[in-house]
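Structure first, then comments.
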Number of protein chains: 2
Amino acid sequence: MTSPVRLLLADDEHLIRGALAALLGLEDDLVVVAEAASGPEALAMAQAHHPDVAVLDLQMPGADGVKVATSLRAELPSCRVLIVTGHGRPGHLKRALAAGVRGFVPKTVSAQRLAEIIRTVHAGNRYIDPELAADAISAGDSPLTAREAEVLELAADGAPVAEIAERAALSPGTVRNYLSSAVTKLGAENRHTAVRLARERGWV
Amino acid sequence: MTSPVRLLLADDEHLIRGALAALLGLEDDLVVVAEAASGPEALAMAQAHHPDVAVLDLQMPGADGVKVATSLRAELPSCRVLIVTGHGRPGHLKRALAAGVRGFVPKTVSAQRLAEIIRTVHAGNRYIDPELAADAISAGDSPLTAREAEVLELAADGAPVAEIAERAALSPGTVRNYLSSAVTKLGAENRHTAVRLARERGWV
DNA sequence: CGCTCGCCATGACAAATGTCAGAGCGTGCC
DNA sequence: GGCACGCTCTGACATTTGTCATGGCGAGCG
């Protein structure tokens, strides 16, 4: 038998992470060598233990799964990344693939299935959940330019234009223009519904 | 030895539910007799299997954990309810306690700890996560009147005043007054940050 | 080189929003 | 009965947004 697949598990919910570690550890050919509860911690653990596959939660404090994947790609190219997510937004999948992620699955899969997918990814193949893939394709590409997305992001927590302008180092008028065009492109009624729409599609 | 504690597990994320079932099943004195992936399903399963303790996720499709707990209280009074949640808002805890829930813990606890808490709850005691309890106490009661909360709720998805007024059967001016007073009470800068704050505290 | 496109800005106008004062009505409490 | 409080409304005002026209600048492309 070949040596077992070395895993890094990162999820801020101890309950899930622990349970997953126990379940995956039951498989003969898998071994959990490190666990992390945040993005930065996951990075540090990866450096220290050089896992074969990193199983990352999409939403974690510090840095989300995609950001961690990007850093990992640079610092530890031999490590395959598998993203696990609760509610999968189409855009996240795209960003994840762009970051070199090899697998993307929702938390609705069974542990048995996850183990199989880990093996698939470790073998050098990709695995994308079919339903999430379909969503991503039907959602299409983001029509927003980089700046529009950035400004929309800053508008997300209800900040007034003046504050957004300051934080983006832009003139207030420019901010309103970007906001306006983003709202038009998204077919929204105002900036706030635009933010919601963009979030739903994973474009921010 | 006494007979084992019969558990119902409800969580829409199969990965977590399955892993949890496996881990808790390892304990000698606990046995998982039913699993559910949604609120209604949890209710049906409880009716069918009469568990001693129901471990419910707070956020589930169909009906959330608190709603299920309320129904369970009426239909199966002997069943203790333990709520498990990802991100605990203070207001949720209050609603949960009002619904007769016996335990409330974040998903950051370990499975080992969860098993202990299940035993505590089954013994007839309560267990509330200390940190969540502290948050709930410091957050205090909602300063919003019923109407203010209702209007704020309707404003949540970025609808303009005219639409809120129509949906609440109020005059636009009244809606703006309620919104204004809610914003003042919450110390927010505008309606949208007010919505966010109210959500964080669990007041809407 | 001319064209398009994204980026950044200004100014002006209309519409929506936030704020304030005031006023009537009903309910509950002392 | 008097008082407080929540609910509802109106009108007026300042501020904030949303929209549009217009301009300059630089990068990429045929």
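Every chain is numbered from 1 and lettered A, B, ... according to where its sequence line falls, protein lines coming before strand lines.
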Tabulate atom names and distances for all N/O pairs under 3.5 angstrom spanning the protein and nucleotides 7-10 of chain C.
from: C:dC7; atom 1: OP2; to: A:Thr145; atom 2: OG1; distance (Å): 2.6
from: C:dC8; atom 1: OP1; to: A:Arg147; atom 2: NE; distance (Å): 3.3
from: C:dC8; atom 1: OP1; to: A:Arg147; atom 2: NH2; distance (Å): 2.9
from: C:dC8; atom 1: OP2; to: A:Arg147; atom 2: NE; distance (Å): 2.6
from: C:dC8; atom 1: OP2; to: A:Tyr178; atom 2: OH; distance (Å): 3.3
from: C:dA9; atom 1: OP2; to: A:Ser171; atom 2: N; distance (Å): 2.7
from: C:dA9; atom 1: OP2; to: A:Thr174; atom 2: OG1; distance (Å): 3.3
from: C:dA9; atom 1: N6; to: A:Asn177; atom 2: ND2; distance (Å): 3.2
from: C:dT10; atom 1: OP2; to: A:Ser171; atom 2: OG; distance (Å): 3.2
from: C:dT10; atom 1: O4; to: A:Asn177; atom 2: ND2; distance (Å): 2.9

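- With contacts defined as side-chain heavy-atom distances shorter than 4.5 Å, the pair A:Asn190/A:Val183 does not qualify.
- Straight-line distance from the CD atom of A:Glu189 to the P atom of C:dT17: 10 Å, rounded to whole Å.
- A:Leu154 places its CG atom 17 Å from the C1' atom of D:dT17, with the value rounded to the nearest Å.
- Atom CD1 in B:Ile164 sits about 13 Å away from atom P in C:dA16, given to the nearest Å.
- Expressed to the nearest 0.5 Å, how far CG of B:Asp157 lies from CD of A:Glu189 amounts to 9.5 Å.
- Looking at B:Thr184, its side chain does come within 3.5 Å of a backbone N or O of B:Ser180 through a donor-acceptor pair.
- Looking at B:Gln112 and B:Glu27, their side chains come closer than 4.5 Å, going by heavy atoms from C-beta outward.
- Rounding to the nearest 0.5 Å places CG of B:Asp12 at 8.5 Å from OG1 of A:Thr108.
- Summary for the helix from C:dC1-D:dG30 to C:dC30-D:dG1: the axes at its two ends, each from 5 pairs, differ by 30° when rounded to the nearest 10 degrees.
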- Query: Does the salt bridge (Lys or Arg N to Asp or Glu O under 4.0 Å) test come out yes or no for B:Arg113 and B:Glu116, once each step is laid out?
  - Reply: CA-CA 5 Å; B:Arg113 191 90 194 77; B:Glu116 289 170 24; 2.9 Å; yes

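- Residues satisfying the side chain to side chain contact (heavy atoms under 4.5 Å, CB included) criterion with B:Gln59, sequence neighbours excluded, are B:Asp57, B:His87.
- Here D:dT16 presents its C1' atom at 11 Å from NE2 of B:His192, a figure rounded to the nearest Å.
- Look at NZ on A:Lys185: it is 10 Å from C1' on C:dC5, rounded to the nearest Å.
- Here the CD atom belonging to B:Glu150 is positioned 9.0 Å from the OH atom belonging to B:Tyr178, to the nearest 0.5 angstrom.
- Of the candidate nucleotides D:dT19, D:dT17, C:dT17, D:dT17 has the atom lying nearest to any side-chain atom of A:Val161.
- Judged by distance alone, with hydrogens and angles left aside, the side-chain atoms of A:Arg17 form a donor-acceptor pair with the main-chain N or O of A:Asp11 at under 3.5 Å.
- Distance B:Glu163 CD to C:dA16 C1': 14 Å, rounded to the nearest Å.
- Atom CZ of A:Arg191 is separated from atom C1' of C:dA16 by 11 Å (rounded to the nearest Å).
- Across the protein-nucleic acid pair, B:Arg176 atom CZ and C:dA21 atom C1' stand 14 Å apart, rounded to whole Å.
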